[in-house]
Protein chains: 2
Amino acid sequence: MRLLPHPSTENIQLTEVLRALSDPVRLEIVIRLAAAGEMTCTVAGDDLGVHKSTASHHYRTLREAGVVLTKQEGRLKYMSLRRDDLESRFPGLLDAVLTAALPLPAGAHA
Amino acid sequence: MRLLPHPSTENIQLTEVLRALSDPVRLEIVIRLAAAGEMTCTVAGDDLGVHKSTASHHYRTLREAGVVLTKQEGRLKYMSLRRDDLESRFPGLLDAVLTAALPLPAGAHA
DNA sequence: CCTATAGTTGGATAGTTGTCAAACAATAAA
DNA sequence: TTTATTGTTTGACAACTATCCAACTATAGG
C-alpha cells in the first residue's frame, strides 16, 4: 500500500481549498466521497460527464489542495475526504459546504 | 442613492461564492468588510498591493457572486457583506470561512 | 507472455483570470 | 467652469484552467 504525496494538515491553505471546491466537477466528487466514504477513482469519477483524464486532473487538484487523501492498493487508487484534517484546520467549513451543496433530505423540516 | 445590479438571494450559486472567496485579494476585502462593516471601495482596497483597476474588478467579482452589496451615494460606492443572504442560502459557510481566515484573537483559549 | 484494467501524463486548444496602464465617467468642491 | 476625487472601462498580456485525445505505466489475471 502506497500513499501519494499530500500537504500536511498545517500546510492546507484556505484559498486552495476554496478554489478546489469551486469547480462543479470537483464539488460533485467531494459530495460523492462524503456520501459513500472511501472509493476508487473509477467509481468517484463515474458519469461525471468528463473524460477520465480530465477527472484524473481533478483528483490531483483535490489531493494537492488537501481535500482528499489518496492511497494506492494494487492497481486501484482509493480516495477519501480528509474530514478530520479539514475540521481541525478550518472548523465547520466542509460541513457548511456539504450542507449547502446537498439537497435537503426528504422529510427534513425547515 | 443607487443600487448596482446584484444576483437575488436564491440565485447565489455555491461554486461562484467559493470561487470568489478563493482569491487572496478578494478574501482580504471580505475580511475587512466583516471587521468594519460597510465601507467605500477606496477604504476596502487600501494597501491591497494591486492597482485600483484590479481592485475594481475584484469588487465586481464579489458583487456578481452575491458576496457583497454595493450602493452608490454621490461619488462614493459603499460595499457591505451580504451576511443575512449568505446565511440563509448557505448556513454557516461565511462564518466558517471568516473563522478560518482570521487569526485567533489574542487571549482566546483553545 | 499476453491481455485487460486503472489511472496518469503530455500535447493541443479554447476560454478564463489577474494584473497594469491609460483613458474615461461621474460627482463634488472651489 | 475648472479641478480634484472616486471608481470603472478598455486593451494588452502572461499565466492558468478545463477539456479531450492519444500514448503511456503499472498491476492483475490467464
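Just so it is clear: chains get the letters A, B, ... in the order the sequence lines come, proteins before strands, and each one is counted from 1.
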Under 4.5 Å side-chain heavy-atom separation, chaining through any Ile, Leu, Val, Met, Phe, Trp or Tyr, what else clusters with Leu4(B)? Say none if it is isolated.
none
What is the distance, rounded to the nearest whole Å, between atom OH of Tyr59(A) and atom P of dT9(C)?
13 Å
Taking all atoms of both residues into account, what is the closest heavy-atom pair of Gly66(A) and Leu86(A), and its distance?
O-CD2, 3.9 Å
By salt bridge (charged side-chain N to carboxylate O under 4.0 Å, His left out), Lys52(A) pairs with (sequence neighbours left out) none
By side chain to side chain donor-acceptor pair (under 3.5 Å), which residues pair with Glu28(A), not counting sequence neighbours?
Arg32(A)
Contact list for DNA chain C against residues 66-79 of chain A - heavy-atom distance below 4.0 Å:
Arg75(A), Leu76(A), Lys77(A)
Whole Å only: how far is the CZ atom of Arg2(A) from the C1' atom of dT27(D)?
10 Å
Salt bridge (charged side-chain N to carboxylate O under 4.0 Å, His left out) involving Arg75(A) - partner list, sequence neighbours excluded
none
Interatomic distance, Arg60(B) CZ vs dT19(C) P [rounded to whole Å]:
14 Å
Heavy atoms under 4.0 Å is the rule here; annotate nucleotides 11-20 of chain D 5' to 3' with B where the base is hit, S where only the sugar-phosphate is, and - elsewhere.
------SSBB
Side-chain hydrophobic cluster, 4.5 Å single linkage: members besides Leu76(B):
Tyr78(B)
Whole angstroms only, please: what is the CG-C1' distance between Asp46(A) and dA6(C)?
14 Å
May I have all residue pairs that pass salt bridge (Lys or Arg N to Asp or Glu O under 4.0 Å) and include part of residues 4-27 of chain A, sequence neighbours excluded?
none
Would you please name every residue forming a salt bridge (charged side-chain N to carboxylate O under 4.0 Å, His left out) with Glu87(B), sequence neighbours left out?
none
